[in-house]
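Each chain gets a letter, A, B and so on, in the order its sequence line appears, and its residues count up from 1. Everything numeric in this text was worked out from a predicted model, so none of it was measured.
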There are 2 protein chains.
Amino acid sequence: MLRDTETIVKEVLNIFSKYLEKQSHRKTPERFAILEEIYRRNDHFDAEALYIHMKNCNYRVSRATVYNTLELLVNCDLVKKHQFGKNLAQYEKSYGYMQHDHVICAHCGKVVEFCDPRVQQIKNLVADLLNFEITHHSLNLYGICGSCVKAEEFSSN
Amino acid sequence: MLRDTETIVKEVLNIFSKYLEKQSHRKTPERFAILEEIYRRNDHFDAEALYIHMKNCNYRVSRATVYNTLELLVNCDLVKKHQFGKNLAQYEKSYGYMQHDHVICAHCGKVVEFCDPRVQQIKNLVADLLNFEITHHSLNLYGICGSCVKAEEFSSN
DNA sequence: ATAGTTGCAAAAGCTTTGCAGTATG
DNA sequence: CATACTGCAAAGCTTTTGCAACTAT
């Protein structure tokens, strides 16, 4: 049974609050507002989109604070940061979500998530063989999604 | 038996030449000089480092040409482009190399290569399940390498 | 009270683009 | 000889930084 958004928002605000306390960081309204906005939205987003969205909601935040807060949220594992081949960081909320990786359509930009236990096996083996303490990973598959393939076939006929 | 650098350089220059011809692109001395420099060097590099290196070797090239040529080389599979978590593209020569992935040390920046057949299995399964034509992928593991772990233990004692 | 945070704007860093000149096919 | 390519410099974009004002503790 999936918990509703309100419950999740409460939980993450609480987790963030405890994290800030532990790290002796200040609990500013901006930080909580940004976290809340992230968890009320879906999908992947970049820093600029989040900033614009905050502005549209009449929050008075700066880009600097958005970047600052995103970094904190990444550090306490409430948000994941990705790079899907472009020079642009993409973020996504991660609390309560299963660990997953991404397939990206090079044509339409669509991002689809998937999960494969073999990724963990690879991490374990590499950590062992190469003597690394692996903290996280990034696996992106790039290609063309079904609908874009069809569109291509259509236009070439 | 590994072929020597000269042989490999000749082969890639030849491959690039044929690629340019096929695509009706011009065979300029700058393009070949850049390819040759890449294949005479090792490890990963970024566009700026390559540009500086060309300058030091008294080639008269511009950044624009470096970026332009790198894109061509990526397109004909002679060079691979990576993003190791930073907003900075890293490149590496790929001809004659086994397909591999990377482990990156978050402390010292060291990049180690590894190869695991399960990556291909994952690609096949995802292509099938999600109906994608996968063209390439990027798998990076991030962590701390053995020597950096030791250094940490040392400094905390 | 004091120092961590904020907003703003400027700067930084990587990459792309516009343009006039050059050289390839 | 037409035009793709080049160098150079400027612009573009994302992200970071400096600083004065503010505010959480």
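Residues B:H82 and B:N140 bring no donor and acceptor atom of their side chains to less than 3.5 Å of each other.
Less than 4.0 Å separates DNA chain C from at least one heavy atom of each of the following residues of residues 65-74 of chain A: A:T65, A:N68. For DNA chain D, the neighbouring residues in residues 23-31 of chain A, judged by any heavy atom under 4.0 Å, are A:R26, A:K27, A:P29. A heavy atom closer than 4.0 Å to some atom of DNA chain C occurs in B:A47, these being the qualifying members of residues 34-48 of chain B.
When the C1' atom of D:dT14 is taken as reference, atom CG of A:L50 falls 14 Å away, rounded to whole Å. When the C1' atom of D:dT23 is taken as reference, atom CZ of A:R60 falls 13 Å away, rounded to whole Å. Across the protein-nucleic acid pair, A:K22 atom NZ and D:dT25 atom P stand 18 Å apart, rounded to whole Å. As rounded to whole Å, 9 Å separates atom P of D:dT25 from atom CD of A:E21.
Note on the helix from C:dA1-D:dT25 to C:dG25-D:dC1: angle between the axes of the first and last five pairs equals 40°, rounded to 10 degrees.
In this structure the side chain of B:Y59 reaches within 4.5 angstrom of the side chain of B:E37, judged on heavy atoms. Side-chain atoms of A:V126 and A:L129, non-hydrogen and from C-beta on, never get closer than 4.5 Å to each other. Looking only at side-chain heavy atoms (C-beta outward), B:I144 and A:F132 stay at 4.5 Å or farther from each other.
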Enumerate all atom pairs, one protein N or O and one N or O from nucleotides 17-22 of chain D, separated by less than 3.5 Å.
none

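Every residue was checked against the side-chain hydrogen bond (donor to acceptor under 3.5 Å, both in side chains) condition with A:S147, not counting sequence neighbours, and none meets it. For B:D116, the salt bridge (Lys or Arg N to Asp or Glu O under 4.0 Å) partners at least two apart in sequence or on another chain are B:R118. Here A:T135 pairs with B:Y142 under the side chain to side chain contact (heavy atoms under 4.5 Å, CB included) rule; sequence neighbours left out.
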Got a list of side-chain donor-acceptor pairs under 3.5 Å for residues 66-80 of chain A, not counting sequence neighbours?
from: A:T69; atom 1: OG1; to: A:T65; atom 2: O; distance (Å): 2.8
from: A:N75; atom 1: ND2; to: A:E71; atom 2: O; distance (Å): 3.4

Kindly list each side-chain donor-acceptor pair under 3.5 angstrom involving residues 40-47 of chain A, sequence neighbours excluded, with atom names and distances?
from: A:R40; atom 1: NE; to: A:E36; atom 2: OE2; distance (Å): 3.4
from: A:R40; atom 1: NH1; to: A:E6; atom 2: OE2; distance (Å): 2.7
from: A:R40; atom 1: NH2; to: A:E6; atom 2: OE1; distance (Å): 3.4
from: A:R40; atom 1: NH2; to: A:E36; atom 2: OE2; distance (Å): 2.9
from: A:R41; atom 1: NH1; to: A:H53; atom 2: ND1; distance (Å): 3.3
from: A:N42; atom 1: OD1; to: A:K93; atom 2: NZ; distance (Å): 3.2
from: A:H44; atom 1: NE2; to: A:E92; atom 2: OE1; distance (Å): 3.0
from: A:H44; atom 1: NE2; to: A:H102; atom 2: NE2; distance (Å): 3.2
from: A:D46; atom 1: OD1; to: A:E48; atom 2: N; distance (Å): 3.1
from: A:D46; atom 1: OD1; to: A:A49; atom 2: N; distance (Å): 2.7

Please tabulate, for the side chains in residues 14-25 of chain A, all donor-acceptor contacts under 3.5 angstrom to protein atoms that are two or more places apart in sequence or on a different chain.
from: A:S17; atom 1: OG; to: A:K27; atom 2: NZ; distance (Å): 3.2
from: A:E21; atom 1: OE1; to: A:K27; atom 2: NZ; distance (Å): 2.3

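Looking at heavy-atom distances under 4.0 Å, B:K81 makes no contact with the nucleic acid at all.
Close approach of DNA chain C to chain A, defined as any atom under 4.0 Å from a non-hydrogen atom of the protein, starts and stops at C:dA3 to C:dT15.
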